[in-house]
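Since the structure comes first, as C-alpha cells, the remarks are kept for the end.
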Protein chains: 2
Amino acid sequence: MSKTIKLTEVDICDRIRDKVLEQRLAPGTKLTEEALCEVFGVSRNLIRRAFLLLSKDNIITLEKNKGAAVASPSPSEAHEIFEARTIMENALLKQAMERANKASIKALRAHLEREQQALLDGDTPLWIRLSGEFHIVLGRAAQNAPMSEFLDLLVFRSSLILALYGNQSAPTSCKGGEHERLVDALENKDLETARQIMAEHMASLEALLKFDTKDTRQDLHSILGG
Amino acid sequence: MSKTIKLTEVDICDRIRDKVLEQRLAPGTKLTEEALCEVFGVSRNLIRRAFLLLSKDNIITLEKNKGAAVASPSPSEAHEIFEARTIMENALLKQAMERANKASIKALRAHLEREQQALLDGDTPLWIRLSGEFHIVLGRAAQNAPMSEFLDLLVFRSSLILALYGNQSAPTSCKGGEHERLVDALENKDLETARQIMAEHMASLEALLKFDTKDTRQDLHSILGG
DNA sequence: TCGCGTAATATTGTCAACAATTTAGTAAAA
DNA sequence: TTTTACTAAATTGTTGACAATATTACGCGA
C-alpha cells in the first residue's frame, strides 16, 4: 500500500498549478475550500494557505469574503505577460548559451523525448504541460534561480492565457519541432539562431490568441482527483 | 483618534518588508509568532499567513517546526540576485525609455527630492529605503507589471544582501547623483548613457560586498513598533 | 412574469484550545 | 569541566467551533 505522506500547502499548490499547466482547470473556475478539502483530504487551514500562495503567483484570484477562483487574465495582462516572457526567454537563452553543460543538454533532450511520447500517445493534456515545461527546463540551464523561477511563473500564466484566449482550431504551435531546433542551436552555441527561433516561437504562440471571452464551469473532483 | 483599520496579512508583509528595505531587520533575525502578534495586535493566524507570503518572496525563511527568520542569502545566492537584477534593470530601462511619459518622469523627480531631503535630514534608514525604492519607481516606468514586480523583489533581496555583506565603512553608493543622471538620460531618451550609468551603478553596489559573515540579534518591538 | 425584500443556506473569516515539536534548563556521571 | 539524559518551558502546528459575510431561495405584491 502507498504510504500517504502528509501534504503541505506547497504540495497542494503544485497539484493545482499542474492542472493549470495542463489547461484542465479553466480560468474563472470557482475553487471552494470545502470541495478542495475533500479532494486532498486535508483541513481548510491548509487549503487556505495554498490559496494564499497561488494568489501571490496570480494563478488564482482571492477576494475577501468571496473566495478563490482560477485567474482569468485580461487582454492587457495577457499582453504584459507575453511581453515579459519574451524578454525573459531571451535573457535566459543568452545565459543558458554561456552555461549549458552536458547535463543540461541531456535533460533537455530527455524532455524532448517525453514530449514526443506524449504526442504519440495522444495524451494531449500531458503534452500541453510538457510543452510548457520545456521552457522551464530551458530556463534552468541558465543557472540563475531567481530568473528561472520567474520564468516558471510566466509560463504558468501563459497556460492560463492560452486556455482563455487560445484559438483551439488553429494548428497548435510547438509541434513544428521548434523545441528541438532550440536545443540544437543551444548545443551549437549559436545564439543568433536560437534567438530567432525563440522569437518566432513566442510570436506564433501569441498569434494563437483571440480576445473573445468564453466561460466555463468545471467539476473539481474529476479534475483534481487523480 | 485614528481609527484602527483591520490589518491584513498583506499589510503585515509590507510593514516587515519595509524594515528589511531600511536594513533595520538584520538577516538571520528570528521572528517569533507571539512577538509579532503583540507588535501588530493581531492573531497568530494572520502572522502565520504573512510569514507564508514573505517566505515565498525569500524575504524570510520558514522551516517546519522551527519558525521564521529573516533570510540570510548565501554568497552564491547574492551573486545570482545581483546578476538577475542587473539583467532586469537593463531590460526595464529599455522599456522605460520607450514608454516613460511626463507622469513617470515627474514621479521620478519627486522621488529624487525625497531622497535628497532624507539625506539632508540625516535620516539614514529612510534614505536607504528611498534609494532602493528609486529603482522600484524606475521599474514602474516600464509599464509592465510582472516585470517591475519581479524587480521589486530583487531590490528587496538586494537590501538584505547589502545588510549582510555590505561594507559599511566604504563610501555609500547612490550618493554620487547616479539616480539623477539616470533620470536625465531617461528624459533625453539616451539609452546608451542610461545603460552605462546603470551598469556602473550596479557594479559599484556589488563592489560593496564583502563576504565575511556577521551575526546580530535584534529587538522586534523597537524595530517594528513604529 | 417581474421586481423586491426577507429568510434560509452556503461559504468564508476568526479565534482559542489542544497536540506536536523544538529549545532551554537542570542535574547526575565521567 | 564536559557530556549526557531527562524534565520543563516555549514555540509551532492543527483542529473544530463559532462569527461574519455572501449567495441563493422563497414569497409577496404589482
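Below, read A as the first sequence line, B as the second, and so on, with proteins coming before strands; counting in each chain starts at 1.
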Take A/His79 and A/Glu206 through the side chain to side chain contact (heavy atoms under 4.5 Å, CB included) test and state the conclusion after the steps.
CA-CA 9 Å; A/His79 183 260; A/Glu206 202 167 355; 3.6 Å; yes
Return no unless some side-chain N or O of B/Ser43 is found under 4.0 Å from OP1 or OP2 of C/dC15.
yes
Short side-chain to backbone donor-acceptor contact, A/Asp11 and A/Thr8, under 3.5 Å:
yes
Name the orientation class of the two ring planes belonging to B/His179 and B/His201 (parallel below 30°, tilted from 30 to 60°, perpendicular beyond 60°).
perpendicular
Under 3.5 Å between N/O atoms: give me all the protein pairs with nucleotides 11-13 of chain C, atom names plus distance.
unit_1	atom_1	unit_2	atom_2	d
C/dT12	OP2	A/Glu33	N	3.1
C/dG13	OP1	A/Asn65	N	3.0
C/dG13	OP2	A/Arg48	NH2	2.0
C/dG13	O5'	A/Arg48	NH2	3.0
C/dG13	N7	A/Arg44	NH2	2.8
C/dG13	O6	A/Arg44	NH1	3.0

When rounded to whole Å, the CD1 to P distance for the pair B/Ile60 and D/dT12 reads 11 Å
If you measure from the Lys or Arg side-chain nitrogens to the Asp or Glu carboxylate oxygens, is any gap between B/Arg15 and B/Asp18 under 4.0 Å?
no
Could you state the CG-C1' distance from B/Leu46 to D/dT12, rounded to the nearest angstrom?
17 Å
For B/Glu133 and B/His111, what are the C-alpha separation, side-chain angles and deciding distance, and is it a side-chain hydrogen bond (donor to acceptor under 3.5 Å, both in side chains)?
CA-CA 9 Å; B/Glu133 275 181 359; B/His111 193 91; 4.8 Å; no
